[in-house]
Amino acid sequence: MVEREAFREQVRESSDIVDVIGEAVALRPAGPGRYTGLCPFHNETAPSFHVNAERGFFHCFGCKESGDVFGYLMKREGLSFPEALNHLARRAGIPIPEADPRKASRDEKLRAANRKALDYYQRALRNEAGARARAYLKKRDITQSTITECGLGFAPDRWDDLTTTLEKSGITRATLIEAGLTREAPRGGHRDFFRNRLIVPILDGQGRAAGFAGRSLDGSEPKYINSPDTPVYRKRSVLYGLHRARSAIRRERTAILFEGYFDCLSAWQAGIAGAVAVCGTALTPDHAKLLASQAKDIVLAFDADAGGRRATFASLPILLEAQLRVRVAPLSGGRDPDDVIREEGAANFREAIRTAPAFVEFLVQEALQQAHSAAGGGRAAAARAVIEIIARAPSPLDREEWLGEAAGPLGFSLESAREEMARLRGRPRGGRPRAQGGGPPGSPPPPAPPRRSPTPAERDLIRWADARPDEVADLLRQAEPGELEGFASSSILLDLKQAADAGGARVAGRLKELALEASDRQRLLIEIQMEAVGLNTEKQNPKDCLDALRVLKLRQQQAKLRTAARGSGDEATDALSQLQRVSEEIDRIQEALPPDSHQG
């Protein structure tokens, strides 16, 4: 354990967070040891993302993402902590301690099973059993270089050959079942999950086989089967080809999203390097969040048949909610992108992607077709369907622009479209209008209360704990727990009070520990520590901050006592007496505070 912690700290100290983040984000100096740039975790036009080189932390004041160099890689690349640690170790040229094979984690065992399964499938594609699969790939115009680069394989039509082969290599049957490579047979025993299928490996962010897709070669249904979700593979949060396409997507800030694996393979061959695809499932918010961490623009290139158009329609609100700019490739004739590339050529398809119009044009066309159909419900229903999608965009400026583009072609005024938008945004998704506090159904909801922020006194006391831990430790030991409760940062302050019993060094150490934990208070702490304005050491001290917090607590008590004192009887008399004492205590503390201290 001690060796592992020493390794972690060695990697942290050898990994300059500015250099690591600077590989993907253009950072500009913003003061001594501070840098700023556009946030890699959400789309923005003005930089709110800050990096503090001295502390080794980043924080975005827009989306509130924050953390250290490990947290950055985990969020940006979708890595676990051990994966981020090993990645940075390799980057810094630090040898990675060998793990005891007897203590291999469950995830490591599953990845080992997938790796050996992929080797098996690739060998099978090359040998005599794979002749039919090779002929199929040739028919689909998939080149040998693509086959090799994308690791395609073949699962022979044998009952349990993979299971037997991998068990002989040391993989247990329980691991094979958990990895989704083996299934229990209806009449007992076990059988291979993929049989007589072309195999498409699905890689994780580190280029490791996480799961597989198997395409039927004999016309049997279903056409595709996919690995079940496992601890190392979750379809709702994995995009096929992202490991390969990531550098191109980051360079262009654009991803091309397909429905099918072969669409993606054909797109890569056609020179569209930023192609990715969903893996046997509909697009999810997790997919959209993953795309938003890499790109600003998305081009949807789903099939042009009815199913593909429905999938496009369903994907738009999910992508808009992730603040992505969306365009839709104009495919026609009910074809899929692979067909278009082979029939019209790579150059024409690249031009279609380059000139793809904004999603509003697709929405309007789709809605008008529905309006003219027998079951479409008319223009009003068509317009409502379009507005419902536009309403999901977070930015009011974007919503206004898109409403303006859609209203005219749909035959409605911009004003009526705005009214419908306001009505739709005033109700929960899929439900009736909200009724607020006995108001009439459909009345607009009150604005959501803002997230409570720490007072200036809280913020500065925490910053003083960083600057003068010994002095703050003495103050916190003397403070009553109740004086630190009820504030936005109370969990941090009470944690530091507990640490203060062991002295200033423990307070400083606890601050570092809190900055590493994945929690809301970690984000709050880093936000406070990343503030650009420094402490006023000439006109303020830690005691002033703690006294200002005491005044705030007393004022809360004062307000309650005033209410109680308006009553009658002994309770009102007691409240009036207590109110006098509290008011005197407030005056006493305020007299000792400097004029510009935090008192409100």
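Not measured: the values here are computed from a predicted model.
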When you measure from the side chain of [X] to the backbone N and O of [Y], does any donor-acceptor pair fall under 3.5 Å?
{"X": "Arg521", "Y": "Ser491", "value": "yes"}
{"X": "Glu83", "Y": "Gly205", "value": "no"}
{"X": "Asp204", "Y": "Ala210", "value": "no"}
{"X": "Asp297", "Y": "Leu324", "value": "no"}
{"X": "Arg350", "Y": "Ala270", "value": "yes"}
{"X": "Arg325", "Y": "Lys296", "value": "no"}
{"X": "Lys75", "Y": "Ser66", "value": "yes"}
{"X": "Ser293", "Y": "Phe41", "value": "no"}
{"X": "Gln269", "Y": "Thr143", "value": "yes"}
{"X": "Arg115", "Y": "Leu110", "value": "no"}

Salt bridge (Lys or Arg N to Asp or Glu O under 4.0 Å) partners for Glu485, two or more places apart: none
Full working for salt bridge (Lys or Arg N to Asp or Glu O under 4.0 Å) between Asp460 and Arg463: CA-CA 5 Å; Asp460 282 353; Arg463 295 164 76 194; 3.2 Å; yes
Derivation and outcome, side chain to side chain contact (heavy atoms under 4.5 Å, CB included), residues Ile225 and Phe194: CA-CA 8 Å; Ile225 60 173; Phe194 296 103; 3.7 Å; yes
So, for [X] and [Y], which heavy atoms are closest and what is the spacing to 0.1 Å?
{"X": "Ala288", "Y": "Leu319", "result": "CB-CD2, 4.1 Å"}
{"X": "Ala24", "Y": "Arg76", "result": "CB-NH2, 3.6 Å"}
{"X": "Ile353", "Y": "Ala301", "result": "CD1-CB, 4.2 Å"}
{"X": "Arg28", "Y": "Pro47", "result": "NH2-CG, 3.6 Å"}
{"X": "Ala275", "Y": "Trp268", "result": "O-NE1, 3.2 Å"}
{"X": "Ala113", "Y": "Leu176", "result": "CB-CD2, 4.4 Å"}

Using the side-chain hydrogen bond (donor to acceptor under 3.5 Å, both in side chains) criterion, which residues pair with [X]? Sequence neighbours excluded.
{"X": "Thr172", "answer": "Thr175"}
{"X": "Glu9", "answer": "Arg12"}
{"X": "Asp192", "answer": "Thr163"}
{"X": "Arg510", "answer": "Asp495, Glu513"}

Verdict with supporting geometry, Phe57 and Gln522, side chain to side chain contact (heavy atoms under 4.5 Å, CB included): CA-CA 11 Å; Phe57 295 123; Gln522 177 224 37; over 6 Å; no
Give the table of side-chain donor-acceptor pairs shorter than 3.5 Å for residues 84-97, with sequence neighbours excluded, one pair per line with atom names and distance.
unit_1, atom_1, unit_2, atom_2, d
Asn86, ND2, Pro82, O, 3.4
Arg91, NE, Glu23, OE2, 3.0
Arg91, NH2, Glu23, OE2, 2.8

[X] versus [Y]: any side-chain heavy-atom pair under 4.5 Å?
{"X": "Pro469", "Y": "Trp464", "value": "no"}
{"X": "Arg215", "Y": "Arg140", "value": "yes"}
{"X": "Leu300", "Y": "Leu316", "value": "yes"}
{"X": "Leu198", "Y": "Phe262", "value": "yes"}
{"X": "Leu137", "Y": "Thr146", "value": "no"}
{"X": "Leu239", "Y": "Cys279", "value": "no"}
{"X": "Ile147", "Y": "Gln144", "value": "yes"}
{"X": "Ile199", "Y": "Leu152", "value": "no"}

Salt bridge check, [Y] against [X]: does any charged N sit closer than 4.0 Å to a carboxylate O?
{"X": "Glu178", "Y": "Lys109", "result": "no"}
{"X": "Glu54", "Y": "Arg34", "result": "no"}
{"X": "Asp119", "Y": "Lys116", "result": "no"}

Pairs satisfying salt bridge (charged side-chain N to carboxylate O under 4.0 Å, His left out), at least one member in residues 247-257, at least two apart: Glu77-Arg250
Pairs where residues 278-288 contributes a residue and the test salt bridge (charged side-chain N to carboxylate O under 4.0 Å, His left out) is met, not counting sequence neighbours: Arg236-Asp286
With sequence neighbours excluded, tell me which residues meet ring pair (Phe, Tyr, Trp, His ring centres under 6.0 Å) with [X].
{"X": "Phe49", "answer": "Phe58"}
{"X": "His287", "answer": "none"}
{"X": "Tyr261", "answer": "Tyr224, Tyr240"}
{"X": "Tyr121", "answer": "Phe212"}

Distance-only polar pair, side chains of Tyr120 and Asp161, donor-acceptor under 3.5 Å: yes
Rounded distance [0.5 Å steps], [atom1] in [X] versus [atom2] in [Y]:
{"X": "Leu484", "Y": "Glu458", "atom1": "CG", "atom2": "CD", "answer": "9.5 Å"}
{"X": "Leu461", "Y": "Cys545", "atom1": "CG", "atom2": "SG", "answer": "5.5 Å"}
{"X": "Arg477", "Y": "Gln498", "atom1": "CZ", "atom2": "CD", "answer": "13.5 Å"}

Chi angles and distances behind the side chain to side chain contact (heavy atoms under 4.5 Å, CB included) call for Val200, Cys150: CA-CA 8 Å; Val200 180; Cys150 299; over 6 Å; no
Leu181 vs Asn114, side chain to side chain contact (heavy atoms under 4.5 Å, CB included): CA-CA, chis, key distance, verdict: CA-CA 8 Å; Leu181 296 167; Asn114 286 335; 4.0 Å; yes
Ring centre gap for Phe61 and His50 strictly below 6.0 Å: yes
Output field: ring centroids Phe258/Phe302 closer than 6.0 Å: no
Worked verdict on Glu65 versus Arg523 for salt bridge (Lys or Arg N to Asp or Glu O under 4.0 Å): CA-CA 7 Å; Glu65 288 285 6; Arg523 288 185 283 275; 5.2 Å; no
